[in-house]
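Heads up: the structure comes next, in structure tokens.
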2 protein chains.
Amino acid sequence: MLKRKITLKHIARELEVSISTVSKALKNSEEISRDTKEKIQAFAKLYNYKPNNIAISLKNKSTKNIAVIIPDIVHHFFTTVFHGIEKIANEKGYNVILCVSDESFDKEVINMEILANGSVDGFIMSLSSETQLKNDYNHLKELTEQGIPLVLFDRVTDQVACDKVLINDKDGAYRSVKKLIENGKKRIALVATEDYLSVSKERADGYFQALKEFDIAVEDNLILKLPSMSSVEGDAMELFLKNEKVDAVLCVNEIYAIHGMRIAQKLGFKIPQDIEFIGFTDGILSKFSNPTLTAVAQHGEKMGEISAEMLIEKIESENDVETYRTEILEPTIIERESTLNV
Amino acid sequence: MLKRKITLKHIARELEVSISTVSKALKNSEEISRDTKEKIQAFAKLYNYKPNNIAISLKNKSTKNIAVIIPDIVHHFFTTVFHGIEKIANEKGYNVILCVSDESFDKEVINMEILANGSVDGFIMSLSSETQLKNDYNHLKELTEQGIPLVLFDRVTDQVACDKVLINDKDGAYRSVKKLIENGKKRIALVATEDYLSVSKERADGYFQALKEFDIAVEDNLILKLPSMSSVEGDAMELFLKNEKVDAVLCVNEIYAIHGMRIAQKLGFKIPQDIEFIGFTDGILSKFSNPTLTAVAQHGEKMGEISAEMLIEKIESENDVETYRTEILEPTIIERESTLNV
DNA sequence: TATCAACACGAAACCGTTTTCGTAAACTTA
DNA sequence: TAAGTTTACGAAAACGGTTTCGTGTTGATA
């Protein structure tokens with residue numbers, strides 16, 4: 001019952017021709033006579049012959065696989081990036097091996113080592129927070145030294161020479177804060193993570209820039225730093241909103257913003273009249289929260305598409321040109337109910 | 001500068017021994033003398049030799065890759081399942097190639113065909129809605145006929161003999177509705193998708209069963225069917241809630257539930273006093289909505305783990321035993337603010 | 001009829017491993 | 001010292017393809 005995979009050798013033996021003849025016949029080579037080709041092709045079709053990808057990979061030194069390493073899969077932004085990557089990769093005939101580093105340096109390194117030995121033609125990745133904290137990029141450098149193409153997106157480092165795709169986080173934050181100021185807000189808070197994450201830092205910079213431009217003094221106690229990205233446990237946010245007479249909040253992610261809005265509502269604030277909210281990452285929560293959240297869209301899918309295009313271009317370019325590009329996407333502010341829209 | 005990949009052949013040539021000697025020395029074979037082994041191992045280490053995975057795959061007829069095909073990546077449930085799969089796969093030394101069918105039959109077929117020719121050792125998948133609609137499973141049957149291990153999860157079919165992992169959707173719906181009835185609700189609505197999806201059907205059955213048990217007549221106009229999973233456009237929901245004097249709603253997904261709650265609030269209903277809501281898929285929206293949503297947790301991560309374990313067990317079992325298991329997980333109802341919790 | 005090109009195919013190398021088997025050289029043993 | 005046993009290594013096949021090159025047969029040409 002079990003139809004085992006058939007190979008060129010089987011066909012050759014059955015039809016009493018050589019393996020090379022079979023191979024050529026199946027590629028419709030001019031070298032082979034019509035009769036022979038038809039016979040071989042018919043036989044191959046009948047037995048559902050399909051060339052073995054592994055053998056082809058070995059011969060061609062090309063796997064048509066690319067690796068994607070992201071810090072977290074249960075996170076809307078990375079998910080959309082992956083979707084963009086997968087779309088382009090499929091269009092160009094590549095499969096995608098997806099690894100999740102879970103924000104761990106070791107997992108990132110291990111995944112790279114396993115896949116860098118012929119399993120994939122190139123890597124697309126976003127750095128784990130632990131890697132950015134350790135500031136150790138030797139695993140990436142080894143990769144590029146071996147001539148394996150690498151594209152970094154969103155969480156990047158300037159210590160590795162490779163193609164990069166990122167969004168202008170600083171400008172996104174700058175424009176958000178500017179908008180809040182123009183809406184008449186005075187005490188604008190920033191809710192961020194610890195700033196070893198490159199993106200968190202950029203966003204803080206944009207916040208500072210906007211305040212400076214409008215001659216508003218930076219107050220340290222208007223900046224709340226929460227430990228981990230998804231944990232909103234504890235009452236830090238509540239104390240913060242209660243004590244600081246904040247009238248607008250920029251959050252570096254959706255969760256913080258949604259959580260902040262709930263607490264503000266509980267404290268009796270009206271959104272957006274008394275307090276406005278803007279959050280990074282225009283994910284699913286922003287669209288469905290109550291009120292809906294004005295968000296800085298990071299265009300994840302587009303980032304994914306560009307990353308994949310850059311990587312595949314490098315993979316398929318003959319010459320090992322050592323020139324690297326950095327694409328910077330402009331974020332878009334999606335206005336919703338959590339801000340006054342003038 | 002560019003350190004090209006080094007092979008056994010290079011080492012052999014450089015050290016003037018044979019390739020077989022190098023191979024054995026690196027595996028610490030007893031056949032090779034201490035001196036030679038040390039010399040070869042030192043050289044290999046110095047030049048950072050790593051065996052080529054593709055060559056090993058070809059030799060062993062085992063790729064240590066598994067394919068995961070899911071209908072949608074930007075969907076919390078599938079994302080958590082993937083996370084579970086990836087976790088187990090990594091523990092057992094497998095990489096995961098992730099393909100997204102985008103609910104398309106053709107993409108599902110194409111992805112399978114590409115990967116079924118040696119690229120992976122087995123498949124884990126959840127059927128696309130189009131496939132369930134067409135009711136065509138020949139691509140899956142071909143796979144199993146070739147002896148390639150396959151595990152189906154969540155959206156399965158009984159037309160293909162293979163391992164399966166699913167949650168008891170019917171019971172989840174049944175218990176939800178029972179709870180609503182016990183909370184004193186009389187006019188309980190069901191908001192579902194078109195029922196060619198196996199899971200949607202199961203959930204509807206559970207709804208019917210609970211009503212029947214409590215001698216409540218099924219009213220067709222208490223059942224709202226919306227076209228696509230993520231589109232909540234249009235005012236179908238609003239008309240429905242306004243006209244039908246509904247006092248409880250079971251939704252087959254989060255989005256419908258969140259959307260329903262917003263409209264109910266807009267219409268002046270108090271949740272949960274006037275109207276209660278329960279939604280399937282305990283995702284991120286349920287936790288952060290306002291009010292938070294009582295949800296039927298599907299234990300996606302657990303499903304992923306079980307699927308991966310089943311698949312790898314099949315892959316690594318010598319004998320082609322043709323016995324298949326079906327694991328059924330019990331859902332858990334997570335009570336939150338959208339229901340009265342007695 | 002000798003020469004030559006075109007045709008149709010096969011042999012063999014190659015991709016990078018693993019593994020079986022064969023065998024010189026060194027060492028034991030009787 | 002002849003015979004047998006280790007020891008330490010190499011040759012070669014195998015995995016499943018692709019591709020280059022060589023060659024016997026045919027038919028055309030001079």
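Proteins come first, then strands; the chains are lettered A, B, ... in the order of their sequence lines, and each starts at number 1. Note that these values count all heavy atoms, side chains included, but never hydrogens, waters or copies made by symmetry.
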Side-chain N or O of A:S23 closer than 4.0 Å to phosphate OP1/OP2 of D:dT18: yes
If you look at every strand shown and take non-hydrogen atoms under 4.0 Å, does B:T36 touch a base, only sugar-phosphate, or nothing? sugar-phosphate
Just so I know, are the side chains of A:L152 and A:C162 near enough to count as touching, which here means a heavy-atom distance under 4.5 Å? yes
A:N60 has an atom CG; how far is it from atom P of C:dG16, in whole Å? 12 Å
Need to verify one output field. Residue with the more 5' nearest nucleotide on DNA chain C, A:A55 or A:R34? A:R34
Atom NZ of A:K24 to atom P of C:dC9: distance rounded to whole Å? 10 Å
Of the candidate nucleotides C:dT17, C:dG10, D:dT18, which contains the atom at the shortest distance from the side chain of A:V17? C:dG10
Atom pair distance, as rounded to whole Å: CG in A:L8 and C1' in D:dT18: 9 Å
Rounded to the nearest angstrom, tell me the gap between atom NZ in B:K61 and atom P in D:dG17. 9 Å
Return no unless some side-chain N or O of A:K9 is found under 4.0 Å from OP1 or OP2 of D:dC15. yes
Tested for side chain to side chain contact (heavy atoms under 4.5 Å, CB included) against B:K37, the lone hit among B:N28, B:T21, B:L26 is B:N28
For residues B:Q159 and B:K141, determine if any side-chain heavy atom of one lies less than 4.5 Å from a side-chain heavy atom of the other. yes
By nearest nucleotide on DNA chain D, pick out whichever of A:K50 and B:V22 is the more 5' one. B:V22
Between atom CD1 in A:I6 and atom P in D:dG16, what is the gap in whole Å? 12 Å
What I'd like to find out is whether the side chain of A:N90 reaches to under 4.5 Å of the side chain of B:N111, using heavy atoms alone. yes
Can you tell me how far C1' of D:dT20 sits from CD of A:E31, to the nearest Å? 9 Å
Does the side chain of A:Y49 get closer than 4.0 angstrom to OP1 or OP2 of D:dG17 through an N or O atom? yes
Would you mind reading off the distance between B:L26 atom CG and C:dT17 atom C1', rounded to a whole angstrom? 11 Å
Is it the case that C:dT18 (base atoms only) and B:K59 (side chain only) share a donor and an acceptor within less than 3.5 Å, ignoring hydrogens and angles? yes
Look at A:S33 and C:dC9 and indicate whether a side-chain polar atom (N or O) is within less than 4.0 Å of OP1 or OP2. yes
A:I56 has an atom CD1; how far is it from atom C1' of D:dT19, in whole Å? 13 Å
Heavy-atom donor-acceptor pair, B:S20 side-chain to D:dA11 base, under 3.5 Å: yes
Establish, with yes or no, whether the OP1 or OP2 oxygen of D:dG16 is under 4.0 angstrom from a side-chain nitrogen or oxygen of A:T7. no
Phosphate oxygens OP1/OP2 of C:dT17: is one of them under 4.0 Å from a side-chain N or O of B:K27? no
Backbone N or O of B:L311 within a donor-acceptor pair of the B:D163 side chain at under 3.5 Å? no
